[in-house]
Amino acid sequence: MPEGPSIVILKDAVKMFTGQKIIAVTGNSKIDQQRLLNNKIIAFKSWGKHFLICFKDFTVRIHFLLFGSYLVNEKKDRPVRLGLTFKTGEINFYACAIRIIEEDINAVYDWSADVMNDEWDEKKAITKLKKLPGLMVCDALLTQEIFAGVGNIIKNEVLYRICVHPESKTGKLPAAKMNALVKQARVYSFEFLEWKKNYELKKHWLAHTKKTCHRCELPLIKKITGVKKRRSFYCEHCQLLYDK
DNA sequence: TATAATGTTTGAAC
DNA sequence: AGTTCAAACATTAT
């Protein structure tokens, strides 16, 4: 479920409830559910993988982690974590982490770090990366403070696309590769969004879970990389290692 | 059927 | 006190 583009799809799927009052709340979430009752939703927003339901005085933050899911006007045979009922329909959330944010979300979130946001700022991302020269690029792409919304699929596809080895150090990247990294983090995420909408995401994977490099026909390497210990799929021949 | 996987937080251990 | 690490959570396709 996760990765930023999927959250953008969710925002779109529930937009008809914007401005509506919640007339019933259900679920096993430990948040104070009563606070939502009879309260009007001001807006649905997102920051990276965070889905935000905004009310006048607080915000509900939903994170889907690895297995979270949601259904609009449907239920599934699983415990509902949070269910919101409106006059015209309902949203049900499953297996997700939910919190209430009391502070002004504009003070909490740096919108320019979200690759899906109009305020996404390449230059700021590069500045952040330059402060972490020893960080492997596989870890850098998964760092939400820099690339909010990027997950393991996008990581692998971006690095394959720009021909950079996942264990390269950000401080050793040539300027052109640094620029490509930051550029493609957003570009690929929007392609992901379109493919996902059309239920054809996997069809477009070139590296993630793949066995062979389509450029040189050599086998792709599958390896747990970086301090984040996530699996990387890469071509040792086509993706250059910049670490010295 | 067992396993692995689009992820993050927490608290113990160093 | 700061960093590292495993555990916990929860679902589903292969």
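In what follows, chains are A, B, ... by sequence order, proteins preceding strands, each numbered from 1. Everything numeric here is computed off the predicted structure, so don't read it as measured data.
- Nearest nucleotide to the A/Arg78 side chain, out of C/dT12, B/dT6, C/dA10: C/dT12.
- Across all strands shown, B/dA13 is found opposite C/dT3 as a Watson-Crick or G-U wobble partner, with both distances under 3.5 Å.
- A salt bridge links A/Glu90 with A/Lys75: the distance from a Lys NZ or Arg NE/NH1/NH2 to an Asp or Glu carboxylate oxygen falls below 4.0 Å.
- One atom, CG of A/Leu142, and another, P of B/dG7, lie 7 Å apart when rounded to the nearest Å.
- Residue A/Lys203 contributes atom NZ, which lies 22 Å from atom P of B/dT6 at whole-angstrom precision.
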Going through the distances and angles, do A/Tyr160 and A/His214 end up as a side-chain hydrogen bond (donor to acceptor under 3.5 Å, both in side chains)? CA-CA 11 Å; A/Tyr160 183 76; A/His214 84 279; 2.9 Å; yes

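- Side-chain nitrogen and oxygen atoms of A/Lys49 include none within less than 4.0 Å of the OP1 or OP2 phosphate oxygen of B/dT6.
- A side chain to side chain contact (heavy atoms under 4.5 Å, CB included) with A/Pro5 holds for exactly one of A/Lys196, A/Met116, A/Glu194; it is A/Met116.
- Among B/dT10, B/dA4, C/dA10, the nucleotide with an atom closest to any side-chain atom of A/Arg99 is B/dT10.
- The nucleotide B/dT6 finds no pairing partner, because no Watson-Crick or G-U wobble arrangement with both distances shorter than 3.5 Å includes it.
- Between B/dT8 and A/Arg230, no contact under 4.0 Å exists linking OP1 or OP2 to a side-chain N or O.
- Distance CD (A/Glu145) to C1' (B/dG7): 13 Å, rounded to an integer number of Å.
- Phosphate contact (OP1/OP2 of B/dT6, side-chain N/O of A/His208, threshold under 4.0 Å): present.
- Heavy atoms of other residues, nucleotides or ligands lying less than 6.0 angstrom from NZ of A/Lys76 number more than 12.
- Residue A/Phe67 contributes atom CZ, which lies 13 Å from atom P of C/dC9 at whole-angstrom precision.
- Side-chain proximity of A/Arg231 to C/dT11, C/dA10, B/dA4: nearest is B/dA4.
- The nucleotide whose nearest atom lies closest to any side-chain atom of A/Lys229 is, among B/dT8, C/dT11, C/dC5, C/dC5.
- In summary, A/Lys155 and A/Glu3 do not engage in a salt bridge, as defined by a charged side-chain N under 4.0 Å from a carboxylate O.
- The CZ atom of A/Phe93 sits 18 Å away from the P atom of C/dA10 (whole-angstrom rounding).
- When the C1' atom is compared between B/dT6 and C/dC5, the two are found 23 Å apart, to the nearest whole Å.
- Across all strands shown, A/Lys155 has no heavy atoms under 4.0 Å from either base or sugar-phosphate atoms.
- For the pair A/Ile154 CD1 and B/dT6 P, the interatomic distance rounds to 12 Å; values are reported in whole Å.
- Residue-to-nucleotide proximity on DNA chain C shows that, of A/Arg81 and A/Lys202, the 5′-proximal contact is made by A/Arg81.
- One can place CZ of A/Phe147 at 18 Å from C1' of B/dG7, the figure rounded to the nearest angstrom.
- Using a 4.0 Å heavy-atom distance criterion, A/Lys222 is classed as a sugar-phosphate-only contact.
- Residues A/Phe147 and A/Phe190 are members of one and the same hydrophobic cluster, defined by side-chain heavy-atom contacts under 4.5 angstrom among Ile, Leu, Val, Met, Phe, Trp and Tyr.
- Per the geometry, NZ belonging to A/Lys228 stands 15 Å off P belonging to C/dA6, to the nearest Å.
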